[in-house]
Structures are given as C-alpha cells and as structure tokens.
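A short write-up of the structure that comes next.
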Amino acid sequence: MSSDLIERSKKVLTPALVFHTDIVAKRAEGVYVEGADGKRYMDFSSGLATTSLGHCHPAVVKAIKEQAEKLIHSGCIFHFDTVIDLAEKLAEKTPDTIEKFFFSNSGAEAVEGAIKLARYITGRPGIVAFTGAFHGRTTGALSLTTSAAKYKRGYRPLLPAVLHSPYPHCYRCSVGQEQGNCSTECLDYLELMLRQQITPEEVACVIVEPVLGEGGYAVPPKEFMTRLRELCTTHGILLIADEVQTGIGRTGTWFASEQFGISPDIITIAKGIASGMPLSCVGASREIMDRWLPGAHGTTFGGNPLSCAAACATIDTIEKDNLLDNVKEVSAYALERLRAFKEGISSIGDVRGLGFMIGIEFIKEDGEPAPELVEKIMESCKDAGLVLVECGMDKNVVRLMPPLIATRENMEEALTIFEGAVSSL
C-alpha cells in the first residue's frame, strides 16, 4: 500500500516538494504516528515543530469540530469572534511591546508581512538579516534566508537592499572566536557594516531568529541579543523577532525573546500556534499597527475560523496542562543526558539547545561536518520507530523537536533509540 501511494504521488506531485521520510501515515495521536504498514512511530519532528500538542489533540479536534458547525470561512467579509479571542490571548502572551496582530497562513507569509510593515512605517529600504537564517521560501522571505545557498538557486535577482551579518553560531563561529571565549564580535561586524555598506538611516529593520532554526539550532549569547536591541533602538531601526519556530512554548517560555530579556518591535508567529492547522501572524505595538493604513496589506484565508479555534485551544491547553514547565523539565533532562553521552562519542561535536529545540552536531575526525553519518543515524532511528529530521547548512545536525506534551518517559524512550543508533555505527 505504501509503495503504491508513493508511486502515485510521483505522477501528480512536483519533485520540488521533498518528503523527509517514506512513511505513509494512516492515523496519528499524541506523540505517535501509525504507518500504513501498521508500524507505530514516535514523532520527534512534530511536523517540523508544528504539532505543539501532538497529533489530533482532543481539545484541538473538539474546537475545530465546533467551529466548523458555525463558520468555516470569512474572507475578511464578515467579522467573527474566534479571531478576536485569539488576538486577545496572544496580546497577553507576547512581549509587552506587541499589542495588535495581522493573521495569515504560513511563516513565510508572516515574514513577508513583517518586512512590508517595517518598510511602510519607516520609509526606509534596507533590511538586515543574519547568516544561517531561514525565514521562508517566498521571494521576500527567501531574500533573507541563508541557511543554504541552494534555496536561492534559479530565483535571482531577489529583493534589493538586503544585507547579512554573522549570526552568533558559537560552535562554528563566523569571525574566528572560540566557543565560550568571545565578546559578541559578530555584532561588531554589524556595526561596521552600518558604517561601510549602508547607513543606519537607510535600514528599516533587523530580523533575527532568537534561536537559529534550519541553520543549525544554535542559541546566541544573551549579550548578543541585548546589544542588538540597543543598537536598533539607538538608530530607530525596527527589530523583528522571527519566532515562527521558537514561539508558542517551544523553548519553555511562550516566546524565546523573553529568555533574552528583549522586547521586539515586530514579531512573527506561525508553526506551533494552531497545533497543525495553517495559521501565522505578524504582531506589533498599537502605535506601529495603527499607522499601517487600510488596504496596505491583505489576505483571503488568513485568520481562518477553524485555525483560530485550534490556536485558542492550543494556548488554553498549554496553560491548563502546565506544558511550559514540562518543556523546561524534560529538556533539561535530555540535554544533561545527551551531553554525558557525547563524552564517549567522538563523532558528536556539540550538543546545544533551548527547550524542545535540541541540536546534536555530528562531525568527522577532522572536525568537518558529517551529513552522511546523520543520514544513517536517522534511518536507523526510523527503523526502530523514532522519526527525526536534520538541520544545519551541511545537514549534519540531528534535531529533537518533540511536541510540548512529550513526557520524560517519551524522551527516555527516544534517547535510548537515538543512542543505540549512534553507538551501532
């Protein structure tokens, strides 16, 4: 059955769309996915960090069903309560600078909206992003993305006036510093860039992932984020926190920005906001949003009633079930165990992460990336019933991103499978 369906898909789906596994899903619940072959898999990919409450959480299913019986689509023709309920909930959870929202469908859409908003409000053309970042694949978002050069192949020229500064990926420092012995020299590069390549008065925004996602699951020093906030404030540059992957509890707080003590001017939210339903948003202060005049941006499907209902249920469940505390406790156990395991495995160069964004970087004897080894490890884990995906420019980082509901027992089971796969190669 599985092979037949995959063959059918090849006839009607473009090969541009890449699937991470050859598993054909029959049904899913919680942390587990059942394949068409009857085998059960523990899903530590969370649909690329999207199924916050796991698959088909009862509260989310119930909210979708109830909403579907009342209103499925608005298209900005009718007002309805669910989108307002969601905006009010987000205003309570986001950093204190974020008060109003524009809803869309995907992370890339949110990023497109954020950079449009920044240019519109400031009247400036320049956009600064960081090396290794992934902000999406639509033209504007792709212009900011540098997690892999292949994403831009065949699509140039892209958005003008976009510059890139080194991200503080401390294990593989772009400016030659040693891990644990730097003074955020990468931010010195940005300050130099504002003297040599573009004046601050020309820069509309700086967009940053509080934790590098697709680029390798790197956590920046707090000092970097603090100085970045100060630099933007000094020059009247809007700071955009791309929390598409880090938001909605994935790092153990509602948003990763709060762990660095910063409040962005604009925030992008997507992925886990609706536990698998398509939804995203741009958030900003009332002062900024009220200057975005009617018709300056728009959407047909953004803020869909079903997705908004799922998002409200997601936020309520995270709060009711104390899932932020669960993420902190289970991730602390996982990082401690993985770092101890690393000591006996020369092929593991680094273990890093924040909350349920944990990266294990694999290297060759000479320290170079080992993507082939990662492929073998993930295949071995899949055979043992654990689904993982990779990240990093060289695809040599295994990432653990289970749903927020994953228990310590789930993590123990997953790490036992993972460690067995690594030890057997």
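All heavy atoms count here, side chains included; hydrogens, waters and symmetry mates do not.
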Under 3.5 Å donor-acceptor, Arg124 side chain and Val203 backbone
yes
So the side-chain hydrogen bond (donor to acceptor under 3.5 Å, both in side chains) pairs with at least one residue in residues 198-213 (sequence neighbours excluded) are Thr199-Glu202
Between Phe418 and Phe362, what is the ring plane arrangement, given parallel below 30°, perpendicular above 60°, and tilted in between? perpendicular
Check your understanding: Can you list the steps and then say if Thr233 with Glu230 is a side chain to side chain donor-acceptor pair (under 3.5 Å)?
Key -> CA-CA 5 Å; Thr233 301; Glu230 293 171 351; over 6 Å; no
Worksheet item: Counting distance only, does the side-chain N/O of Thr14 pair as donor-acceptor with the main-chain N or O of Leu17 below 3.5 Å?
Response: no
Taking every heavy atom of Ser165 against every heavy atom of Met193, the minimum-distance pair comes out as CB-CE, 4.1 Å
Hits for ring-ring contact (aromatic ring centres under 6.0 Å, His included) against Phe134, two or more places apart or cross-chain, chain-then-number order -> Tyr151
Determine whether a donor-acceptor pair (N or O, by modelled atom type, separation under 3.5 Å) exists between the side chain of Lys376 and the backbone of Ala421.
no
Heavy-atom donor-acceptor pair, Ser9 side chain to Ile6 backbone, under 3.5 Å = yes
Does atom OH of Tyr155 have more than 12 heavy-atom neighbours, drawn from other residues, nucleotides or ligands, at distances under 6.0 Å? no
Contacts satisfying ring-ring contact (aromatic ring centres under 6.0 Å, His included) that involve residues 224-250 (not counting sequence neighbours) are Phe130-Phe224
Has Glu258 got a side-chain atom pairing as donor or acceptor with Ile262's backbone, closer than 3.5 angstrom? no
Looking only at side chains, do Glu109 and Ser280 share a donor and an acceptor under 3.5 Å apart?
-> no
Nearest heavy-atom contact between Thr226 and Phe260 is OG1-O, 4.0 Å
Exercise: do Asp85 and Thr82 side chains pair donor with acceptor under 3.5 Å: no
Inset, instruction - Return yes when atom CE of Met393 has more than 12 non-hydrogen atoms of other residues, nucleotides or ligands closer than 6.0 Å, and no otherwise. - result: no
I want to check something: taking the side chain as every heavy atom from C-beta on, are Tyr171 and Val397 in contact at a cut-off of under 4.5 Å? no
Does a donor on one side chain sit under 3.5 Å from an acceptor on the other, for Asn396 and Glu361?
yes
**Ser275 and Thr314: side chain donor to acceptor below 3.5 Å** = yes
When you measure from the side chain of Arg250 to the backbone N and O of Phe356, does any donor-acceptor pair fall under 3.5 Å? yes
